[in-house]
Undergrad: 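Before I ask anything, let me first share the structure, which is written out below as structure tokens.
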Amino acid sequence: MVEEFSATKEMLEKCSECLICLQECQLMTRLGKSPREIAECLFQNPQLYKNAVYSCLQCGLCSIVCPVLLNPKQMFLEWRRKLVKDGVAPFRNHSFSLTDKKWNIYTLYRDNYGISYPDLETSNCDTLFFPGCNMSTFAPKLTRTIFSQLKRFNGSVGILIDCCQKPVHDLGLQERFEKAIEKLKQRVAEQGAKRVITACPNCYYTLKQCLGVEVVSIYDALPEAAFKKITGVITIHDSCPDREEGLFGRKVRSILSGCQIIEMKHSKENTICCGAGGLASAVDPDLALTYVKMRLEEAKATQAEYLVTYCVTCVNMLTSVPSEIKIIHALNLLLGVDEDYSQIQPNLQRLFTGPRAKENIQKIVSQL
């Protein structure tokens, strides 16, 4: 139990119940309990708190503000893994996020809307561009433009359309995550690649830990000459996985240094989640929406022209609510690519209400 629940045990031993994390975490605020009290409840009756466990956005802000560096995020992940072992989780609502299966929300979307990249595939190459699920699915123009720029500056480059499997990891499906990563390693090896370039911070930090080859961010792989000179007043939404190292945030701010950058109340290591983290929206969509609105209010307060982020998932979430500020991915801005993100949500809804709805649902259900 000590090894399996080390973060939970540490919470019981060291949490002083200062409640600083409650000021930043909407989930713990709603629960009305300190992390230590939550740990006690989880040991007593985890199934009673299963929805709370899966409502954690896994964003990590709680750990940043904790005076003694405790890790509520890891505590909730430990109990997700426990619920998986007990056969309670993942929930049916998570079926569309099982990226280790053939059919998931991303593969369905690409299949329904004719998004594919066979003309970009290379059988043998030194470097692979790994755009990730969200970019390859929801930003096909940007994906192709980035690939073109990489070919221009890096020579032998192929593309790998796959998932870093962070959704599977975050759902607590640890064994399935490890198996999926092994398959991904095989795909990389088959193409002969020694280096993988990622545009997504989720992919970068996940793959850097487990892929076994060099993993590089797109902002390091492309020279500044590839990017347009941008001016104006902007604010930047930082992605949660970039919270600790800040690599993407520093690079984007440096490249956009010609702009006047007005920071929001929560930024850099203290950023707040866009609402997509931890797949919490599948369990508590209202909580996720609360975070979207909080972020948009902070952006509005800066009076910036653009809200710039470097994660397509964040763009997708933040454009799900009408806003006065223009929301754009940094690479759309820097590479001059016009991508209509406003159509993502209507397109997603049509997957399950349109003419192919029955077929799409059956594909997912047949895998359960």
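Note that this is a predicted model, so its numbers are computed, not measured.
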Undergrad: Has the side chain of T198 got a donor or acceptor atom that lies under 3.5 Å from a matching backbone atom of F130?
TA: no
Undergrad: Thinking salt bridges, do E175 and K179 make one under a 4.0 Å N-O criterion?
TA: no
Undergrad: Which distance, rounded to the nearest 0.5 Å, do you find between the CD1 of I20 and the SG of C62?
TA: 12.5 Å
Undergrad: Please work out which of the three classes, parallel, tilted or perpendicular, describes the rings of W79 and F5, given edges at 30° and 60°.
TA: parallel
Undergrad: To the nearest 0.5 Å, how far apart are CZ in F177 and CG in D100?
TA: 10.5 Å
Undergrad: Nearest 0.5 angstrom please: L160 CG to R187 CZ, how far?
TA: 4.5 Å
Undergrad: Could you give the distance from OG (S136) to CD1 (I159), rounded to the nearest 0.5 Å?
TA: 7.5 Å
Undergrad: Are the aromatic ring centres of Y341 and H329 under 6.0 angstrom apart?
TA: no
Undergrad: Check this for me: E244, atom CD, are more than 12 non-hydrogen atoms of other residues, nucleotides or ligands nearer than 6.0 Å?
TA: no
Undergrad: What do you reckon, is CG of N45 surrounded by more than 12 foreign heavy atoms closer than 6.0 Å?
TA: yes
Undergrad: With a 4.5 Å heavy-atom cut-off, do R350 and Y113 have their side chains touching?
TA: yes
Undergrad: Where do K293 and E297 land on the salt bridge (charged side-chain N to carboxylate O under 4.0 Å, His left out) test, with the steps shown first?
TA: CA-CA 6 Å; K293 292 179 176 178; E297 283 299 314; over 6 Å; no
Undergrad: Could you tell me whether the side chain of Y291 and the main chain of Q26 form a donor-acceptor pair under 3.5 Å?
TA: yes
Undergrad: Any idea which heavy atoms bring A52 and L27 closest together, and the distance?
TA: O-CD2, 3.5 Å
Undergrad: Below 4.0 angstrom, N of the basic side chain to O of the carboxylate: do K85 and E4 qualify?
TA: yes
Undergrad: Do T235 side-chain atoms and I262 backbone N/O form a donor-acceptor pair below 3.5 Å?
TA: yes
Undergrad: Determine, for R356 against D111, whether the closest basic-nitrogen to carboxylate-oxygen distance falls under 4.0 angstrom.
TA: yes
Undergrad: What distance do R243 atom CZ and D238 atom CG have between them, rounded to the nearest 0.5 Å?
TA: 9.0 Å
Undergrad: Is there a side-chain contact between C274 and R295, using heavy atoms and a 4.5 Å cut-off?
TA: no
Undergrad: Taking the side chain as everything from C-beta on, heavy atoms only, tell me whether L368 gets closer than 4.5 Å to S95.
TA: yes
Undergrad: In this structure, are over 12 heavy atoms from other groups packed under 6.0 Å from E17 atom CD?
TA: yes
Undergrad: Looking at T137, N347, N104, N360, which one forms a side-chain hydrogen bond (donor to acceptor under 3.5 Å, both in side chains) with Y109?
TA: N347
Undergrad: Using modelled atom types only, decide if a donor and an acceptor are shared between the side chain of Q191 and the backbone of V188 within a distance under 3.5 Å.
TA: no
Undergrad: May I ask you to say whether K194 pairs ionically with E214, meaning some side-chain N is under 4.0 Å from a carboxylate O?
TA: no
Undergrad: Count the heavy atoms belonging to other residues, nucleotides or ligands that lie under 6.0 Å from CD of E324, then report whether that count exceeds 12.
TA: no
Undergrad: Tell me whether the centres of the aromatic rings in Y49 and Y54 are closer together than 6.0 Å.
TA: no
Undergrad: Flag the pair E78 / K82 as yes when at least one side-chain heavy-atom distance between them is below 4.5 Å, and no otherwise.
TA: no
Undergrad: Is L77 isolated, or which residues cluster with it under the ILVMFWY side-chain rule of less than 4.5 Å, directly or via members?
TA: none
Undergrad: Before you tell me yes or no, could you show the steps for F352 and F96 under ring pair (Phe, Tyr, Trp, His ring centres under 6.0 Å), namely the whole-Å CA-CA distance, both residues' side-chain angles and the distance that decides it to 0.1 Å?
TA: CA-CA 11 Å; F352 309 109; F96 300 96; 5.0 Å; yes
Undergrad: With the side chain counted from C-beta on, respond yes when F147 and R144 share a heavy-atom pair under 4.5 Å apart, and no when they do not.
TA: no
Undergrad: Given Q345 and N316, is the side-chain hydrogen bond (donor to acceptor under 3.5 Å, both in side chains) satisfied, shown in steps?
TA: CA-CA 8 Å; Q345 292 300 326; N316 189 10; 3.0 Å; yes
Undergrad: Tell me if a side-chain donor or acceptor on R195 pairs with a main-chain N or O of V213 at a distance below 3.5 Å.
TA: no
Undergrad: Are any side-chain N or O atoms of T271 and backbone N or O atoms of S239, one a donor and one an acceptor, separated by less than 3.5 Å?
TA: no
Undergrad: Are any of the side-chain heavy atoms of V315 and F138 separated by less than 4.5 Å?
TA: no
Undergrad: Check whether more than 12 heavy atoms from other residues, nucleotides or ligands sit under 6.0 Å from atom CD of Q303, and answer yes or no.
TA: no
Undergrad: Counting only heavy atoms not in K208, do more than 12 fall under 6.0 Å of its NZ?
TA: yes
Undergrad: Can you find a pair of side-chain heavy atoms, one from I38 and one from F76, that are under 4.5 Å apart?
TA: yes
Undergrad: The test is side-chain contact (heavy atoms from CB on, under 4.5 Å); show your working for Y310 and Y219 and say whether it passes.
TA: CA-CA 10 Å; Y310 39 83; Y219 303 100; 3.6 Å; yes
Undergrad: Against K141, only a single residue in I146, D340, V337 fulfils side-chain contact (heavy atoms from CB on, under 4.5 Å); can you say which?
TA: V337
Undergrad: List the steps, then state whether salt bridge (charged side-chain N to carboxylate O under 4.0 Å, His left out) holds for E359 with K363.
TA: CA-CA 6 Å; E359 174 190 347; K363 285 178 176 178; 3.2 Å; yes
Undergrad: Using side-chain heavy atoms (C-beta onward) and a distance below 4.5 Å, is L307 in contact with K326?
TA: no
Undergrad: Between V233 and L256, is there shared hydrophobic-cluster membership here, with clusters defined by ILVMFWY side-chain heavy atoms closer than 4.5 Å?
TA: no
Undergrad: Looking at K251 and D220, is there a salt bridge between them, counting it only when a charged N and a carboxylate O are closer than 4.0 Å?
TA: yes
Undergrad: Which is it for R253 and R250 under the side-chain contact (heavy atoms from CB on, under 4.5 Å) test, yes or no, and what are the steps along the way?
TA: CA-CA 5 Å; R253 282 172 174 81; R250 287 194 302 275; 5.9 Å; no
Undergrad: When rounded to the nearest 0.5 angstrom, what is the spacing between CG in N154 and CG in L222?
TA: 6.5 Å
Undergrad: Identify the heavy atoms of V65 and C21 that sit nearest to each other, and give their distance.
TA: CG2-CA, 3.9 Å
Undergrad: Count I, L, V, M, F, W, Y as connected when their side-chain heavy atoms are under 4.5 Å apart, and connections chain through other members. Are F248 and L211 then in the same cluster?
TA: yes
Undergrad: So, the side chain of N93 versus the backbone of A282: is there a donor-acceptor pair under 3.5 Å, distance only?
TA: yes
Undergrad: In the single-linkage hydrophobic clustering (I, L, V, M, F, W, Y; side-chain heavy atoms under 4.5 Å), do L69 and M11 co-cluster?
TA: no
Undergrad: Does atom NZ of K185 have more than 12 heavy-atom neighbours from other groups under 6.0 Å away?
TA: yes
Undergrad: For the backbone of L351 and the side chain of N112, can you confirm whether one donor and one acceptor N or O come within less than 3.5 Å of each other?
TA: no
Undergrad: Going by the rule side-chain hydrogen bond (donor to acceptor under 3.5 Å, both in side chains), which residues pair with H266 if we only count those two or more places apart in sequence or in a different chain?
TA: E24, E298
Undergrad: Between Q165 and T99, is the side-chain hydrogen bond (donor to acceptor under 3.5 Å, both in side chains) condition met? List the steps.
TA: CA-CA 6 Å; Q165 302 302 331; T99 49; 2.9 Å; yes
Undergrad: Test side-chain hydrogen bond (donor to acceptor under 3.5 Å, both in side chains) on E178 and Q174 and set out the steps.
TA: CA-CA 6 Å; E178 292 171 2; Q174 186 62 23; 3.0 Å; yes
Undergrad: Salt bridge between R30 and D284, side-chain N to carboxylate O under 4.0 Å?
TA: yes
